[in-house]
Amino acid sequence: MSISPDQLIPAGLLPADGRFGAGPSKVRDEQMEALAQAGRTLLGTSHRQPPVRNLVGSVREGLTRLFNAPAGYEVVLGVGGSTAFWDVASFGLVQDKAQHLSFGEFGAKFASATNKAPFLQASSVITSAPGTRPSPAAEAGVDVYAWPQNETSTGVAAPVHRIDGAAPDALVLIDATSAAGGLDVDVSASDVYYFAPQKNFASDGGLWLGLFSPAALERAARIAATDRWIPDFLSLQTAIDNSLLNQTYNTPSLATLVTLNAQVEWLNQSGGLEFAAARTAESAGRVYQWAEASDVATPFVSRTEDRSNVITTIDFEDSVDAALLAKVLRANGIVDVEPYRKLGRNQLRIATFVSIEPDDISALLACIDFVIGRG
Ligand SMILES: *Cc1c(COP(=O)(O)O)cnc(C)c1O
């Protein structure tokens, strides 16, 4: 079926907000109001003085509450986003050897980071094809097990759990960049649950944050006391020391903290993770049900239990040119539903993060049907 490149979608079908990207993702208007309010009082002021330190404290407390963090867990943050955290963790958390699950772009990148570190043993990397996921397995000599809770490049979600038979002091590191604040989790099943603010937290990028268990804090201190060379900017112990004082080692983006804090407050006031997980399940369910019912679309992830509730990936039959479809949607103000660039599939990727209204997801699906002539 042919899609007309300059097709106009009737205004009545369009979603109220056309942002469905995997990150940076839709920022809610209320977050922008919080930013405007901070404009004269907080933006443009020192990050070493009480106004900004109280804001960092509010983010740390709000996240502790949102994730129902067990006693002894600390929220640690630093500048550089999740990608920087992979290097921070390679230097400051892996003692000798890491095991990684690699089932998409992001799991693979952390695996590559530890694997290249000259002071570590070669990493153990368990891979599976895009759209599927492998499981971690206890392995002698491994002191860090790492995987993403949500593989943003493919739309596969993986459970967060301890590993039977792993060394008692082995740490579980969960890349929750796109999962945190949108998927349910028991953080006590992980030692570091880390993320960046530009996905479910609907803020901007450039920060990393993590909930650290007492065992992870202890591991960081132990490695920091050895003679391993660690660049100052990537020192986890420095980040921990600063975080406990509600500061960062170097200057953070204050606007990012303001919009992050507004989102954490909104989530806590709305019912916390339970609210968030129910809302993303509702939105993702609409996408998957629509695809299951369509004669030209199918969910890319075949195992229903592996399908993510925050990132949905939908394959199209050859008769529908998904790239052209995304282009037409973009011209009509519906943006960022292109698939992950390296996946190379005839696909749309639709984020169903907590900020996105389920009814806007339904509107998007109606627009897709309209463009492909199924409306
Ligand atoms: C977006 C994303 C990253 C990268 O985050 P940056 O803050 O850009 O470094 C890492 N892991 C996952 C799972 C992601 O979704």
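Note that ligands are numbered from 1 as they come in the structure, with each ligand's atoms numbered from 1 the same way. Nothing here was measured: the structure is a model prediction, and the numbers come from that model. Residue indices begin at 1 and follow the sequence shown.
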Next on the checklist: I want to check a possible cation-pi pair here: R307 against Y288, using under 6.0 Å from ring centre and within 45° of the ring axis as the test.
Outcome noted: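 Pair R307/Y288 counts as cation-pi.
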
Which atoms from ligand 1 have a heavy atom of [X] less than 4.0 Å away?
X    : value
W86  : 10 (C), 11 (N)
S82  : 5 (O), 6 (P), 7 (O), 9 (O), 10 (C)
D175 : 10 (C), 11 (N), 12 (C), 13 (C)
T152 : 12 (C), 13 (C), 14 (C), 15 (O)
A196 : 7 (O)
K199 : 1 (C), 2 (C), 3 (C), 14 (C), 15 (O)
N150 : 13 (C)

For the residue pair [X] and [Y], categorise the inter-ring angle as parallel (less than 30°), tilted (30 to 60°) or perpendicular (more than 60°).
X    : Y    : result
W86  : F106 : tilted
F91  : W229 : perpendicular
W266 : F275 : perpendicular
W147 : H161 : tilted

Checklist entry - Got the closest protein heavy atom to atom 7 (O) of ligand 1, with its distance? => result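 It is Q198 NE2, 3.0 Å.
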
Checklist entry - Of the protein's non-hydrogen atoms, which lies at the shortest distance from atom 10 (C) of ligand 1, and what is that distance? => result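 Protein heavy atom with the smallest distance to atom 10 (C) of ligand 1: F106 CD2, 3.3 Å.
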
Item to check | Residues, nucleotides or ligands: over 12 heavy atoms within 6.0 Å of R65 CZ | outcome: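 No.
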
Contact between [X] and ligand 1, counting heavy atoms under 4.0 Å?
X    : answer
K109 : no
Y194 : no
L207 : no

Checklist entry - At under 4.0 Å between heavy atoms, which part of T83 makes contact with ligand 1: side chain, backbone, both or neither? => result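 Both backbone and side chain.
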
Checklist entry - Would you call E338 and K327 a salt bridge, using N to O less than 4.0 angstrom? => result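 Salt bridge flag = no for K327 with E338.
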
Checklist entry - Do R330 and D336 meet the salt-bridge criterion of a basic N to acidic O distance under 4.0 Å? => result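 Yes, charged N to carboxylate O under 4.0 Å.
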
Checklist entry - Under 3.5 Å, is there a donor-acceptor pair between the T352 and S283 side chains? => result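 No, no side-chain donor-acceptor contact under 3.5 Å.
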
